[in-house]
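Accompanying notes for the structure given below.
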2 protein chains.
Amino acid sequence: MQIEPELCKVEDALGILVGKWKPIILLHLLKNGTQRFSELKRSLPGITQKMLTKQLRELEEEDIIQRVVYAQVPPKVEYSITEYGRGLEPILEAMHEWGTKHTLHKREMQRKASI
Amino acid sequence: MQIEPELCKVEDALGILVGKWKPIILLHLLKNGTQRFSELKRSLPGITQKMLTKQLRELEEEDIIQRVVYAQVPPKVEYSITEYGRGLEPILEAMHEWGTKHTLHKREMQRKASI
DNA sequence: CCCAATAGTATCCTTTTGTATACTATAGCA
DNA sequence: TGCTATAGTATACAAAAGGATACTATTGGG
């Protein structure tokens, strides 16, 4: 792993995943497939509409998710992961794996600290 | 991959990597081994001392890096990745791999857009 | 006629991140 | 005596991210 020109690539990935909501949104779409706006909103307790819209727009911009609007009333808009976006799964998995270890590690550290 | 309790784990990993400087700092320490404060600073053009100090303190807090102070004048402080912190390498690698594809993908998208 | 449901916008505010700049302590050296 | 080097702090500020709340359009149903 060389360093200088490689950094920006790591940062690119990070730039796409970063934010309080993006990883959760992506996990939901990866796990559950196509979802409507309202379904996502219900899945993300605490998110505001503004935030959800913003995150979805940004992910769409990067071609990570796809947005399909149905000409209906009331409106129906569906979101799904693109082929390309599915490539993020290994990163999410690596993070998940590490996160699991991290939880145990934190617990261990606290135990030691309390002695 | 289950969802609800799993989310926080992904977010834990993200929380540690996120920031304009943390991934670069970690890559430098992973690649070059132990480094002094001033060496890191020189390696990160544009970072202010305050930011570098802050990021290093946070990484230390999470037991990702280790800080060793030598009782000298002028001061000497060395930073290195911990065993535990080394566990982040697969994540950085997955991001790097994806980032490389992303660069090509972006280029392709721009080419298409310009037709 | 009025209400509910959906997928948003618009506006204002707070918190978090990041930047710029100046300052400190101390030993060795000229 | 004053300068340099190192690893920081302190203070003020600017920008970005996130949150709270209110508003919109439309149509089918009561």
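Proteins get letters first, then strands, A, B, ... in listed order; numbering begins at 1 in each.
- With DNA chain C read from its 5' end, the first of the two nearest nucleotides for A:Arg36 and B:Gly19 is the one closest to A:Arg36.
- With respect to A:Arg111 and A:Glu108, a salt bridge is recorded, a charged nitrogen being found less than 4.0 Å from a carboxylate O.
- Among D:dG19, C:dG8, D:dG8, the nucleotide with an atom closest to any side-chain atom of A:Thr48 is D:dG19.
- Panel note: side chain A:Thr82, backbone A:Ile64; a donor-acceptor pair is recorded below 3.5 Å.
- At whole-Å resolution of the value, CH2 in A:Trp21 and C1' in D:dG18 are 10 Å apart.
- For B:Ser38, a side-chain nitrogen or oxygen approaches OP1 or OP2 of D:dA7 to under 4.0 Å.
- With the nearest nucleotide of DNA chain D identified for both A:Glu58 and A:Val73, A:Glu58 has the one nearer the 5' end.
- Here B:Gly46 lies out of heavy-atom contact (under 4.0 Å) with every strand.
- The existence of a salt bridge linking A:Lys22 and A:Glu58 is confirmed by a sub-4.0 Å separation between a basic side-chain nitrogen and an acidic carboxylate oxygen.
- Atom OH of B:Tyr79 is separated from atom P of D:dT6 by 14 Å (rounded to the nearest Å).
- Considering only side-chain N and O atoms, B:Arg42 lies nowhere under 4.0 angstrom from the phosphate OP1 or OP2 of D:dA5.
- Rounded to whole Å, the distance from CD on B:Gln49 to C1' on D:dG8 is 6 Å.
- To the nearest angstrom, P of D:dA16 lies 20 Å from NZ of A:Lys20.
- The distance between atom CG of B:Leu52 and atom P of C:dA20, rounded to the nearest whole Å, is 15 Å.
- B:Lys50 contributes a side-chain N or O that forms a donor-acceptor pair with the base of C:dT19 under 3.5 Å.
- For the atom pair CG (A:Leu56) and CD (A:Glu61), the distance works out to 13.0 Å, reported to the nearest 0.5 Å.
- Within 4.0 Å of A:Tyr70, counting heavy atoms only, lies no atom of the nucleic acid at all.
- What separates CG of B:Leu56 from C1' of D:dA7 is a distance of 11 Å, to the nearest Å.
- Here C:dT17 presents its C1' atom at 6 Å from CE of B:Met51, a figure rounded to the nearest Å.
- The nearest whole Å value for the distance from the CD atom in B:Glu78 to the C1' atom in D:dA7 is 13 Å.
- Heavy atoms of B:Lys41 sit nowhere under 4.0 angstrom from any nucleic acid atom.
- A salt bridge is defined here as a Lys NZ or Arg NE, NH1 or NH2 lying under 4.0 Å from an Asp or Glu carboxylate O, and A:Lys106 with B:Asp63 fails to meet this definition.
- Taking only side-chain nitrogens and oxygens, A:Arg57 comes nearer than 4.0 Å to OP1 or OP2 of C:dG8.
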